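Written below as C-alpha cells is the structure these notes are about.
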Amino acid sequence: MQLLTKAPRGTQDILPKDSYKWQFIENIMLNQAELFGFSEIRTPVFEHTELFSRSVGEDTDVVQKEMYTFNDKGGRSITLRPEGTAGAVRAMLEHGLYNESLPVKMSYITLCYRYEKPQSGRWREFTQFGVEMFGASSAAADAEVICLAKTLFDRLGLSNISLEINSIGCPKCRAKYYEALKKYFEGYKSELCETCLSRLDRNPMRILDCKSLICSKIAENAPAVLDFICADCKEHFEKLKEYLDAVSIEYTVNPKIVRGLDYYTRTVFEFVSKDKNTLGLVCGGGGRYDGLVEELGGKPTPALGFGLGIGRILLAMESQGIEIPKTNVCDVYIASIGDAASLFAFNLTRLLRESSFIAEYDTIGRGLKAQMKYADKIGAKFTLVLGDDEIASKKAKIKNMKTGDLLEINLDKNFLTEFFKIHAEAENEKIFKNFSQK
RNA sequence: GUGGGUAUAGCUUAGUUGGUUAAAGCGCCAGUUUGUGGCACUGGAGACCGUGGGUUCGAAUCCCAUUAUCCACCCCA
C-alpha cells in the first residue's frame with residue numbers, strides 16, 4: 001500500500017463503529033476519578049524537551065531513545081509527551097495550584113508518544129489515563145490511588161488482574177543502596193557495557209534493567225532494594241499494606257519492580273494481567289514521586305500518581321469477552337418517497353433531534369426498499385414512511401423494527417407527544433423483560 | 001535494540017509440481033413488477049497478487065532486496 005494512504009507505524013485509527021468502546025471506558029475512568037475527588041486537567045501534547053529529560057530522567061530508555069523530539073521554528077527543542085506526569089506537575093507549578101487547599105488531585109486522558117517497536121499492546125501513539133495527587137505524604141494517599149485503580153478494573157468488569165507492590169526507598173536510604181550497588185558492580189567493571197559504565201556513578205539502579213545479556217546476568221545477584229530501605233520507608237510500606245488489607249485489596253510484594261522512570265520514590269506498584277491471552281500485560285502502574293516537584297523547581301512536595309493505557313485495557317476486556325454496551329443507536333429512521341416527502345422528513349428529524357432523539361432520513365436518494373434495509377442495518381428502533389399521501393392526510397404509519405408492528409401516528413402538532421409515548425412504551429417493554437428475567 | 005512469522009478485492013481466505021480473461025464466502029450496490037427491513041434467489045461493482053529487481057518462452061507461485069505488518073524478548077502504558 002502507498003505511504004499516502006497508510007497511517008504511520010505504531011498508530012491506530014479508531015473507526016466510527018468502534019469509538020463507543022473508547023468513550024465507554026474513558027467515561028468510566030473520568031467518572032470514577034471524580035468519585036475520588038480528582039478533576040480533569042488538560043495540558044499540551046508537547047512540552048519543552050528539558051521538562052521530560054529532567055523529570056523522567058536522562059538515563060531512562062524513554063529519554064535516551066524513545067522521545068519524539070524536534071526543533072520548532074523558533075529554535076526551541078520540543079518533545080511530544082511520552083507520559084502524563086511531567087506535564088501535570090509543570091502545570092501545577094506554573095499555576096501555583098499548591099497554594100490551594102491540599103491535596104491537589106487531578107486526572108487526565110491524553111495521547112502519549114514513544115518511538116518504540118510496535119507489538120501487541122504497544123503503540124507509538126497511545127492513550128493514557130492517569131491521576132496525580134500532590135501534598136499528601138501518608139500511606140493513606142498511596143492506598144487511595146491504588147484503590148482508585150482497583151475500582152476502575154472492577155467497574156470495567158476485568159478479572160485476573162493482580163496488584164504487585166514494592167518500595168524503592170527515599171533518597172536517604174537509596175544513597176546507601178546505590179553505594180552497595182556501586183560496590184557490587186565495580187567488581188565487574190571490565191564486563192559492563194558502555195552505557196552501564198556511565199550509569200555506574202549517576203544511577204546504578206538502571207543497570208538492573210540493562211538489555212545486554214552480560215549486564216543482566218551480572219545484575220541477577222546484585223543486592224535487593226528492600227534490604228536497604230530506612231526505618232521511615234519501611235514503616236510507610238507497612239502502613240500501606242495495612243490500608244490495603246483493611247479494604248481487602250489483594251496484592252503481592254514484588255521486589256523486582258524497578259520502574260523505568262527515574263522520579264519514583266518509596267511506593268511503586270503495577271497491575272499485571274494474569275489472563276492467558278494477555279498474560280504479563282501491564283494494565284497500569286504508578287507510585288510515589290516525592291522528589292519530582294522540587295527537582296522541577298517547586299517547594300518540596302510529596303506526590304504520587306498512577307497511569308494506564310486505554311488501548312491495553314480494551315485489549316484485556318476483549319480477550320475476556322466483556323461486552324461494551326452500544327449507546328448510539330438510531331431511535332427513528334424516516335423513509336421518504338419523493339421530493340416533498342424528503343423535505344418533510346428533514347423537518348421531522350430536526351424536531352426529533354431537538355428532543356434528543358437520534359433521527360436519520362435518506363440523504364442519497366434511495367428507493368423505499370433500500371431505505372428500509374438501511375434502517376435495519378443501522379439498527380433503527382422505529383421507521384416512519386413518508387409519501388405524498390401521508391403529507392396530504394397528516395397521518396403516517398410508524399413501524400417498530402423489532403416486533404414489526406405498524407402504528408399510526410399524526411403528523412401534526414401531536415407528533416412529538418405521540419412519538420414520545422410510542423418510544424417509551426417500547427423501551428418499557430425492554431426494561432421490563434430484563435427485569436423479569438432477573 | 002535482538003529474534004521469528006506473514007503480505008492475493010473493504011474483511012476472511014483458496015490458488016495444487018510455475019501455464020491463458022486470479023477464485024470463493026462475508027460486506028457493498030441493484031433487482032426478484034404495484035409503498036415497508038430481517039430470509040431466499042439473480043445480477044453488478046470491486047485486486048496493477050505489498051514494492052523493486054532477477055530466473056524463465058511464461059511468475060500470485062521460484063530467488064534476492066526493500067517496505068509494511070503481526071508476534072516474542074527487552075522495556076513500558
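Note on naming: letters A, B, ... go to the chains in the order of the sequence lines (proteins, then strands), and numbering restarts at 1 for each one. Values reported hereafter were calculated over all heavy atoms of this structure, with side chains retained and with hydrogens, waters and symmetry mates removed. Only a predicted model underlies this, so the values are computations on that prediction, with no experimental measurement involved.
Going from the C1' atom of B:U55 to that of B:U61 covers 13 Å, rounded to whole Å. Nucleotides B:A59 and B:C48 have their C1' atoms positioned 15 Å apart, rounded to a whole Å. B:C64 and B:A9: their P atoms are spaced 24 Å apart (whole Å). Here, B:A47 and B:G15 have their C1' atoms 14 Å apart, quoted to the whole Å. For B:G1 and B:U66, the P atoms lie 15 Å apart once the distance is rounded to whole Å. Of the P atoms belonging to B:C57 and B:U67, the separation is 32 Å, rounded to the nearest Å. Across B:G10 and B:U17, the matching P atoms stand 28 Å from one another, rounded to whole Å. Distance noted for atom P between B:A14 and B:G25: 16 Å (whole Å).
Listed for the A:N410 side chain is no donor-acceptor partner under 3.5 Å among the backbone atoms of A:D412. Between the side chain of A:N254 and the backbone N or O of A:E164, no donor-acceptor pair lies under 3.5 Å.
When rounded to the nearest whole Å, the span between CZ of A:R366 and P of B:G37 equals 15 Å. The CG-P distance, from A:D388 to B:U34, rounds to 17 Å in whole Å. Here B:A77 presents its P atom at 10 Å from OH of A:Y108, a figure rounded to the nearest Å. In this structure, CG of A:D376 is placed 16 Å from C1' of B:C29, rounded to the nearest angstrom. Rounded to whole Å, atom P of B:C28 lies 13 Å from atom CD1 of A:I378. In this structure, A:E408 places its CD atom 17 Å from P of B:U36, rounding to the nearest Å. Counting to the nearest Å, the C1' atom of B:G35 and the CG atom of A:L384 are 13 Å from each other. Here B:G10 presents its C1' atom at 14 Å from CG of A:D13, a figure rounded to the nearest Å.
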Return one dot-bracket line describing RNA chain B 5' to 3' (Watson-Crick or G-U wobble pairs, both distances under 3.5 Å; ( ) same strand, [ ] crossing, | another strand, . none).
(((((((..((((.....[...)))).(((((.......))))).....(((((..]....))))))))))))....
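Between the side chain of A:Q119 and the base of B:C73, at least one donor-acceptor pair of N or O atoms lies under 3.5 Å. In this model, a side-chain donor or acceptor of A:R312 finds a partner on the base of B:C76 within 3.5 Å. A donor N or O paired with an acceptor N or O is not found under 3.5 Å between the base of B:G35 and the side-chain atoms of A:Q371. Residue side chain A:K399 reaches the base of B:G37 through a donor-acceptor N/O pair under 3.5 Å, judged by distance alone.
A:F129 and A:I109 get closest at one heavy-atom pair: CD1-CG1, 3.8 Å.
Ring-centre distance between A:F357 and A:F420: below the 6.0 Å cut-off.
Along RNA chain B, the nucleotide nearest to A:G387 and the one nearest to A:P8 differ in position, and the one closer to the 5' end is contacted by A:G387. Where A:Q128 and A:L368 meet RNA chain B, the nucleotide closest to each residue was compared, and A:L368 sits on the side nearer the 5' end.
Residue-level contact check: A:E390 touches the bases, meaning some heavy atom is under 4.0 Å from a base atom. Among the heavy atoms of the strands, none lies under 4.0 Å from A:G367. A:G404 comes within 4.0 angstrom of a base, heavy atoms only. Note on A:R124: nothing from the nucleic acid sits closer than 4.0 angstrom, heavy atoms only. In this structure, A:K117 reaches the bases: a heavy-atom distance under 4.0 Å links it to at least one base atom across the strands shown.
Note: A:F382 and A:H423 have tilted aromatic rings, judged against thresholds of 30 and 60 degrees for the angle between ring planes.
Of the side-chain N and O atoms in A:S120, one or more sit less than 4.0 angstrom from OP1 or OP2 of B:C71. Between A:R122 and B:A77 there is no side-chain N or O to OP1 or OP2 distance below 4.0 Å.
With a 6.0 Å radius and a threshold of 12 heavy atoms from other residues, nucleotides or ligands, A:E408 has its CD atom above the threshold.
Set against B:A30, B:C76, B:G35, the side chain of A:A370 has B:A30 as its closest nucleotide. Of the candidate nucleotides B:G37, B:U69, B:G35, B:U69 has the atom lying nearest to any side-chain atom of A:R9.
Note: A:I322 CD1 to A:I324 CD1 = 8.0 Å, rounded to the nearest 0.5 Å. Separation of atoms CD (A:Q128) and CZ (A:R81) is listed at 9.0 Å; rounding is to 0.5 Å.
Under the 3.5 Å distance criterion, with hydrogens and angles disregarded, no donor-acceptor pair is assigned to the side chains of A:S336 and A:D362.
In this structure, A:K21 pairs ionically with A:D18, as a charged nitrogen and a carboxylate oxygen lie closer than 4.0 Å.
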Protein N or O to nucleotides 39-46 of chain B N or O, pairs below 3.5 Å:
none

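Every residue two or more places apart in sequence or in another chain was checked for a side-chain contact (heavy atoms from CB on, under 4.5 Å) with A:D389, and none qualifies.
In this structure, A:R124 is positioned above the aromatic face of A:Y115, its NZ or CZ under 6.0 Å from the six-membered ring centre and within 45° of the axis.
By the criterion of a centre-to-centre distance under 5.5 Å and near-parallel planes under 30°, the ring of A:Y374 forms no stack with the base of B:G37.
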